[in-house]
Protein chains: 2
Amino acid sequence: MNPINIIIVDDHLLFSQALNGLVSNFDEFNVLKVLNNGKEVIDYISNNNQQPEIILMDIQMPIVNGIEATNWLKNNAPDIKVLALSMECDEVTILKMLRAGAKGYLLKDIHPNILRHALKEVYSNGFYYTENVTNTLLNSIQNAAPNNVSLKDRELEFLKLTVSERTYKEIAEVMCLSPKTIENYREALFEKLEVKTRIGLVLYAIKEKIVIL
Amino acid sequence: MNPINIIIVDDHLLFSQALNGLVSNFDEFNVLKVLNNGKEVIDYISNNNQQPEIILMDIQMPIVNGIEATNWLKNNAPDIKVLALSMECDEVTILKMLRAGAKGYLLKDIHPNILRHALKEVYSNGFYYTENVTNTLLNSIQNAAPNNVSLKDRELEFLKLTVSERTYKEIAEVMCLSPKTIENYREALFEKLEVKTRIGLVLYAIKEKIVIL
DNA sequence: AAAAATAAGGGGGTATTTCCCCTTTTAAAA
DNA sequence: TTTTAAAAGGGGAAATACCCCCTTATTTTT
């Protein structure tokens with residue numbers, strides 16, 4: 001069976017070379033190229049015939065970072081699977097990378113065997129996320145709201161419906177309330193969440209992960 | 001060491017009794033009570049001195065379902081950890097249960113050893129989610145909209161300003177255009193992005209990371 | 001050079017949102 | 001059992017958003 005072609009992208013030469021040695025030892029995989037930043041990825045993919053199946057992508061990199069590069073790949077080479085390999089384990093970075101289209105997310109302190117397993121999973125099943133990453137994200141869903149304000153069930157319902165491109169009249173129908181009562185919810189939330197328009201409500205709902213996009 | 005007290009809640013008697021037998025065989029755990037629905041949970045917790053450490057909670061149940069019961073527990077007995085045990089694996093249900101405060105989520109087709117492991121994890125680390133559940137959620141973040149339309153610079157600018165809680169009049173000033181020209185941008189984008197309101201524009205902008213929250 | 005797309009601007013109208021101030025009903029506290 | 005607070009509903013008006021159809025330059029394409 002042909003080995004699966006990999007490109008490694010990381011601005012820390014020591015690390016990327018070490019990684020190169022490691023992955024090259026896995027006989028299912030072949031390291032096609034080692035690149036230093038997102039810009040080089042875009043250049044390589046644009047100008048070479050031999051395309052990788054998987055790109056092992058660092059996130060923090062100069063010139064074009066991993067998120068931007070992944071976004072570019074989503075639009076220009078959607079078949080290439082990006083496996084993020086990062087030291088950040090914060091929710092925002094993970095979300096950005098997922099939205100950019102990364103099929104997997106690994107932390108740099110994992111065991112080589114996990115890397116091998118993750119590469120295989122990404123290639124065959126299409127995704128792989130380490131437990132740390134999923135736990136970070138799932139826990140963040142729980143720890144979202146108690147920021148300072150706590151919304152009641154009905155307010156949450158209203159908020160979700162507001163995000164769904166409905167008019168207040170429609171929301172009133174869904175919630176079995178009069179449009180005028182919906183007005184009360186709106187005004188209460190405007191004040192409570194310190195926003196000026198319904199756009200503000202939508203932004204809040206997304207930031208606090210009351211809805212997930 | 002004292003066994004950890006568990007309450008099992010499920011409306012299918014056969015299943016809950018089978019579960020009872022299973023968990024009772026784990027010598028770290030003691031089944032305090034087997035209940036039939038969320039209402040009975042609320043009653044039990046309200047009226048008994050001996051409280052469980054963990055509640056193994058089904059979701060679909062009559063009278064008071066698992067989500068409602070978990071919500072009640074969050075507010076009235078926050079120390080009790082809820083481990084959801086369900087057949088549903090859809091994103092919406094999982095999210096609801098997480099928001100309600102469930103510390104873990106298992107599917108009913110798991111191996112008994114996983115159940116044991118999950119109970120231990122929930123007790124000691126505070127959470128446990130099976131891979132299926134986390135994958136469902138993470139993938140749902142990605143599968144938003146592979147809507148590969150390309151926006152022009154000016155359209156992007158308009159979109160970003162729309163997200164910033166500005167009126168079209170204000171956007172017109174910032175972009176040095178007449179409000180009527182802004183209307184053209186709005187209409188063009190409504191059609192191009194297949195949305196019906198400016199909320200739709202905001203959602204698109206966030207999904208496609210044109211703005212980052 | 002003619003045709004076609006692109007960018008800018010407008011008229012006029014309906015629907016929706018936003019704002020402020022108000023009453024009634026229902027549920028919780030004192 | 002009063003008293004209070006919360007939830008539900010409302011009137012009226014101005015601002016904003018949304019819709020459809022239209023004109024005029026300026027590029028781009030053919």
Nearest-nucleotide pick for Y185(B), side chain only, options being dC19(C), dA7(C), dA8(D) = dA7(C)
Quickly work out the E187(B) CD to dT16(D) P distance and round it to whole Å.
-> 19 Å
Atom pair distance, as rounded to whole Å: CD in E191(B) and P in dT6(C) = 12 Å
Minimum-distance nucleotide (side-chain atoms of R186(A) versus dT18(C), dG12(C), dC21(D)) = dT18(C)
Ignoring the backbone of T181(B), work out which of dG9(C), dG9(D), dT16(C) is nearest its side chain.
-> dG9(C)
Quick one: label R198(B) by what it contacts on the DNA or RNA (base, sugar-phosphate, nothing), any heavy atom closer than 4.0 Å.
-> sugar-phosphate
At under 4.0 Å, does any side-chain N or O of Y168(B) touch on OP1 or OP2 of dC18(D)?
-> yes
How many Å lie between CZ on F158(A) and C1' on dG9(D), as a whole number?
-> 15 Å
Can R186(A) be said to sit on top of F190(A)'s aromatic six-ring, NZ or CZ under 6.0 Å from centre and within 45° of the ring axis?
-> yes
Distance, rounded to the nearest Å, where E183(B) contributes CD and dT6(C) contributes P = 20 Å
Protein-nucleotide distance (I182(B), atom CD1; dG10(C), atom P), rounded to Å = 12 Å
In whole angstrom, what separates L189(B)'s CG from dC18(D)'s P?
-> 12 Å
Answer yes or no: does a side-chain N or O of S178(B) lie under 4.0 Å from OP1 or OP2 of dG10(C)?
-> yes
When you check the phosphate oxygens OP1 and OP2 of dT18(C), does a side-chain N or O of K196(A) lie under 4.0 Å from one of them?
-> no
Keeping the roles fixed (side chain from S86(A), backbone from L106(A)), state whether a donor-acceptor pair exists under 3.5 Å.
-> no
Taking atom types as modelled and ignoring hydrogens, do the side chains of N30(B) and N5(B) form a donor-acceptor contact shorter than 3.5 angstrom?
-> yes
Where the side chain of K180(B) is defined as all heavy atoms beyond and including C-beta, which of dG9(C), dG10(D), dA7(D) is the nearest nucleotide?
-> dG9(C)
For atom CD of E170(A) and atom P of dC18(D), their distance in whole Å = 13 Å
Stepwise, does the side chain to side chain contact (heavy atoms under 4.5 Å, CB included) test hold for M57(A) with L73(A)?
-> CA-CA 11 Å; M57(A) 178 95 74; L73(A) 288 165; 3.8 Å; yes
Residue among I8(B), L13(B), V9(B) satisfying side chain to side chain contact (heavy atoms under 4.5 Å, CB included) with N36(B) = L13(B)
Can you tell me the distance, in whole Å, between the CG atom of N184(B) and the C1' atom of dT23(D)?
-> 12 Å
